[in-house]
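Okay, so here's the structure we're looking at.
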Number of protein chains: 2
Amino acid sequence: MNDLAFDLRSCSNCPIRHRAVCAKCEPDELSRLEEIKYYRSYEAGQPVVWAGDQMDFVGSVVTGIATLSQTLEDGRTQMVGLLLPSDFLGRPGRAIAPYDVTANSDLMLCCFRRKPFETMMNETPHIGQRLLEMTLDELDAAREWMLILGRKTAREKIASLLSIIAHREAALQQSSPHDGSSFDLPLTRESMADYLGLTLETVSRQISALKRDHVIELKGKRKVIIPDFEALIEETGDDADGGMLV
Amino acid sequence: MNDLAFDLRSCSNCPIRHRAVCAKCEPDELSRLEEIKYYRSYEAGQPVVWAGDQMDFVGSVVTGIATLSQTLEDGRTQMVGLLLPSDFLGRPGRAIAPYDVTANSDLMLCCFRRKPFETMMNETPHIGQRLLEMTLDELDAAREWMLILGRKTAREKIASLLSIIAHREAALQQSSPHDGSSFDLPLTRESMADYLGLTLETVSRQISALKRDHVIELKGKRKVIIPDFEALIEETGDDADGGMLV
DNA sequence: CCTGCCAATTGATCCTGATCAAAGTAGATA
DNA sequence: TATCTACTTTGATCAGGATCAATTGGCAGG
């Protein structure tokens, strides 16, 4: 999330470049990557299966939204990963894991076949290093998410999610969110609820409340405008200056 | 958490071996690691600082418990990482991050100075690979934790935590939890509350309830006995067979 | 033994967000 | 234009866990 400019150096003809495999690749490495690259599309609601013969792959999101989620015995579900354009999907060198991966909108993935990608990773240290960095970033995001789930009120949860999405959308344009920033909410109320550990009714109510209090404005159901970004941050409950060091 | 037997192959004289740097190291690599290795102790409650000149390090827990936590503006805190003996601490090759690291009991760390460790990691691909695997495992644990925080009831949260600790304790003995398993709770009620996103009163009440319902037995305040491990798993709400694949 | 201290337990009450229910809105299709 | 469907909003009520408060238990030090 930090060094996106670094990541977006061209290495393929994807509309959105692969975050994993760009910055330091030599020309011959790039052409090897091109060889094992292909695209897959999914319709909204479709599960993303990526194991089994001939379809083992890793890759990244070109357009659309995918989610990882886990479900309890009685059907309660919690989203545990949100994949927006440019995010990487897959666990090279690691066993598959029990998450449901779903296309949350029409989705286009740019994929690499797993085995040759892993081979290349082993022969090309900087790709492995880049994957480690990305995984550490994902871990940081997961920990921020844990704070949201465990200790924030419903209103703070909504404000936090809006702030996260605003930052992500801005990063794709290589900028930062600012007063007057606007974006399309890529998630339904229900998906937001699954992200935040709430019900969809609570999500709806809190969005209405933030609108009433002029923290956000809505154009239609999906378009969000943030008139004063600082005011939104206030609502997240986050500490302005972080804690100690890792 | 899975391939602990693999990780515990001797590579140093640590009572608990470093998970990161064992299995594939050659003798000369091991002696290089020995050179940059040292120990640090902390008292219960002490912050673990590991940045600044001369004290930049990564390492692993030998004895005791350390926690990573994050705090909101008004003091609400959420634990986002729990480090038990054999767990690795630090982010080689990555910027420091804003977590509070605290010794939750008397704590002994086995440390490597950061710079030489990073150098070695870059020159020794299998160490980097091992770190990637470990980080992916941590990410899985974080996602399980997110499900707990977002969707489980207080009783399910307690049962889940007990199950996790039972598994960890058993893994250190290279076995699995079984009927009659017992262990010392390494956390206070307050720490358990910070882990689970509850208050300490709720933790206490739910533990009492589980005891009343004969799901667990207590010897003193800290020693827990699980008479029927299957019954405890039932209480976690988890789906017996996982979902799809990553 | 008593005292002080801290962790844990238990009780009473309150409040946030869940649940159940109904109505509104927009886009797609005929 | 009318209808259908999926998504969203809003209302009324309920319950799980938070909060505030008092008590208990264990242990170290005098």
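Residue numbers start from 1 in every chain, and the chains themselves are labelled A, B, ... in the order their sequence lines are given, proteins ahead of strands. Note: hydrogens, waters and symmetry copies are ignored here, and every other heavy atom, side chains too, is used.
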*asked:* Do B/Thr188 and B/Ser191 pair up side chain to side chain, a donor and an acceptor below 3.5 Å, judged on atom types alone?
replied: yes
*Using side chain to side chain donor-acceptor pair (under 3.5 Å) as the criterion, list what pairs up with B/Asp106, not counting sequence neighbours.*
none
*asked:* Tell me the bend of the helix from C/dC1-D/dG30 to C/dA30-D/dT1 as the angle between end helix axes, each from five pairs, rounded to the nearest 10 degrees.
replied: 30°
*Of the non-hydrogen atoms in A/Gly197 and A/Gln78, which two are nearest, and what is the gap between them?*
CA-OE1, 3.7 Å
*B/His167 vs B/Phe229 aromatic rings, parallel, tilted or perpendicular, using cut-offs 30° and 60°?*
perpendicular
*Can B/Asp238 and B/Lys152 be counted as an ion pair, charged N to O under 4.0 angstrom?*
yes
*In terms of ring plane angle, is the pair A/Trp145 and A/Tyr195 parallel, tilted or perpendicular, where the classes change at 30° and 60°?*
parallel
*Go through the side-chain N and O atoms of A/Ser69 and A/Asp194 and say whether any donor and acceptor fall under 3.5 Å apart.*
no
_Please determine whether the number of non-hydrogen atoms from other residues, nucleotides or ligands lying under 6.0 Å from atom CD of A/Glu190 exceeds 12._
no
*Produce a footprint string for nucleotides 8-20 of chain D: one letter per nucleotide, 5' end first; B if the base is under 4.0 Å from any protein heavy atom, S if only the sugar-phosphate is, - if neither.*
SBBBB----SSBB
*Nearest-Å distance for atom pair NZ/C1', residues A/Lys157 and C/dT16*: 11 Å
